[in-house]
Amino acid sequence: MKTKNVIFAFVAFFFAANVFATETPKMKVIPIEETKLLIAVTQDEQAANQISISYQSGEIMYFKRLKKGTASYQSIFDFSQVDNGDYEVRLKYGKTSLKKTININDGKISVVKEKPEIPPVILKVDDGINLSYLNFAERNVYLLVYKQGQLLNESSLGSDFTILKKIDISALGKGNYDILLAVADNEYWFSVYR
């Protein structure tokens, strides 16, 4: 059993290392005046990426899809007419994304932090699911199991940085199941047939 866990942890680490080994775009979020912000993106691999700015409620106030072949992008945003609070600048590339949080306080902009996101690695084995997730936010991770839209089970997987779990699905009847891994404002869905 320990050997399987070690192999599973190695596979998850290898996957995460490959994600970071591929060309990662660079995103700079720089306050240039009290109320203005420069967002600049550069990338070597000219891939199609997405950039967005959203309110803390999740409502998107700006969205742009960068076309394939775009090596760089930059734009200046004026935040003089927005409410105080936190806003999220997100650059999505492939299945991974970079996040920077900016704070507006009486018209002044400050950049809070950047968080990478890597989707979980999920492998179906026999009557179980092996799950690996790097929890950069170190927030509580929840696993929910649905069948035809009905919630069957909900459990907390903890808030550790590294989540490695084997989930037994042998008690579930035959059929298709939708599984949700929820972490803060991120949701990862996958389907399993048993």
query: Rounded to the nearest 0.5 Å, how far apart are OG of S132 and CG of L164?
result: 4.5 Å
query: Can you check whether E138's main-chain N or O pairs, donor with acceptor, with N135's side chain at less than 3.5 Å?
result: yes
All side chain to side chain contact (heavy atoms under 4.5 Å, CB included) counterparts of L180, not counting sequence neighbours: L144, Y146, A182, E187, W189
- prompt: Less than 4.5 Å apart, any side-chain heavy atom of M61 and any of Y55?
  reply: yes
message: If I compare all heavy atoms of L151 with all of N153, which pair ends up nearest, and what's the gap?
response: CD1-O, 3.4 Å
statement: Closest heavy-atom pair, K147 versus N176, reported as atoms and distance to 0.1 Å, is CG-O, 3.6 Å
statement: Heavy atoms of V111 and P31 approach each other most closely as CG2-CD, 3.9 Å
Where I118 and Y188 come nearest, the two heavy atoms and their spacing: O-OH, 4.2 Å
query: Can a donor-acceptor pair be found between the side chains of D178 and S191 at a distance below 3.5 Å?
result: yes
Test item: I129 and V192 side chains (from C-beta on) under 4.5 Å apart, heavy atoms: yes
field: Evaluation steps, side chain to side chain donor-acceptor pair (under 3.5 Å), between S159 and N140
entry: CA-CA 4 Å; S159 60; N140 221 356; 5.0 Å; no
field: CG on L143 to NZ on K165, rounded to 0.5 Å
entry: 10.5 Å
query: Tell me, do V121 and Y133 make a side-chain contact under 4.5 Å, heavy atoms counted?
result: no
- request: Would you sort out whether L37 and I32 count as a side-chain contact (heavy atoms from CB on, under 4.5 Å), showing the intermediate values?
  value: CA-CA 6 Å; L37 185 73; I32 55 173; over 6 Å; no
Heavy-atom pair with the smallest gap, counting every atom of K100 and K28: NZ-CA, 4.4 Å
- prompt: Are Y62 and V89 grouped together when hydrophobic residues (ILVMFWY) are joined by side-chain heavy atoms under 4.5 angstrom apart?
  reply: yes
query: Is there a side-chain contact between F79 and I53, using heavy atoms and a 4.5 Å cut-off?
result: yes
statement: Between the NZ atom in K64 and the CG atom in N49, the distance rounded to the nearest 0.5 Å is 12.5 Å
message: Using a 3.5 Å distance criterion without hydrogens, assess whether the side chain of D160 forms a donor-acceptor pair with backbone atoms of T162.
response: no
Between CG on residue L152 and CD1 on residue I179, distance to nearest 0.5 Å: 10.0 Å
task: Please confirm whether the backbone N or O of D106 pairs with a side-chain atom of N84, one donor and one acceptor, at under 3.5 Å?
output: yes
- prompt: Between the side chains of D86 and T101, is a donor N or O closer than 3.5 angstrom to an acceptor N or O?
  reply: no
query: Got Y142 and L181 here, is their nearest side-chain heavy-atom distance under 4.5 Å?
result: no
query: Given E88 and I102, is the side-chain contact (heavy atoms from CB on, under 4.5 Å) satisfied, shown in steps?
result: CA-CA 6 Å; E88 180 184 276; I102 59 171; over 6 Å; no
field: Side-chain touch L38/Q74, heavy atoms, less than 4.5 angstrom
entry: yes
query: Would V41 and I51 count as a side-chain contact (heavy atoms from CB on, under 4.5 Å) if you check the C-alpha gap in whole Å, the side-chain angles of each, and the deciding distance to 0.1 Å?
result: CA-CA 9 Å; V41 175; I51 190 161; 4.0 Å; yes
query: Taking atom CZ of F77 and atom NZ of K36, what is their separation to the nearest 0.5 Å?
result: 12.5 Å
query: What's the shortest heavy-atom distance between Y177 and V145, and which atoms?
result: CD2-CG1, 4.1 Å
Test item: I167 and L131 side chains (from C-beta on) under 4.5 Å apart, heavy atoms: yes
query: Say you draw a straight line from CD of E33 to OG of S80; how long is it, rounded to the nearest 0.5 Å?
result: 10.0 Å
query: Do K124 and Y193 have side chains that get closer than 4.5 Å, going by heavy atoms?
result: no
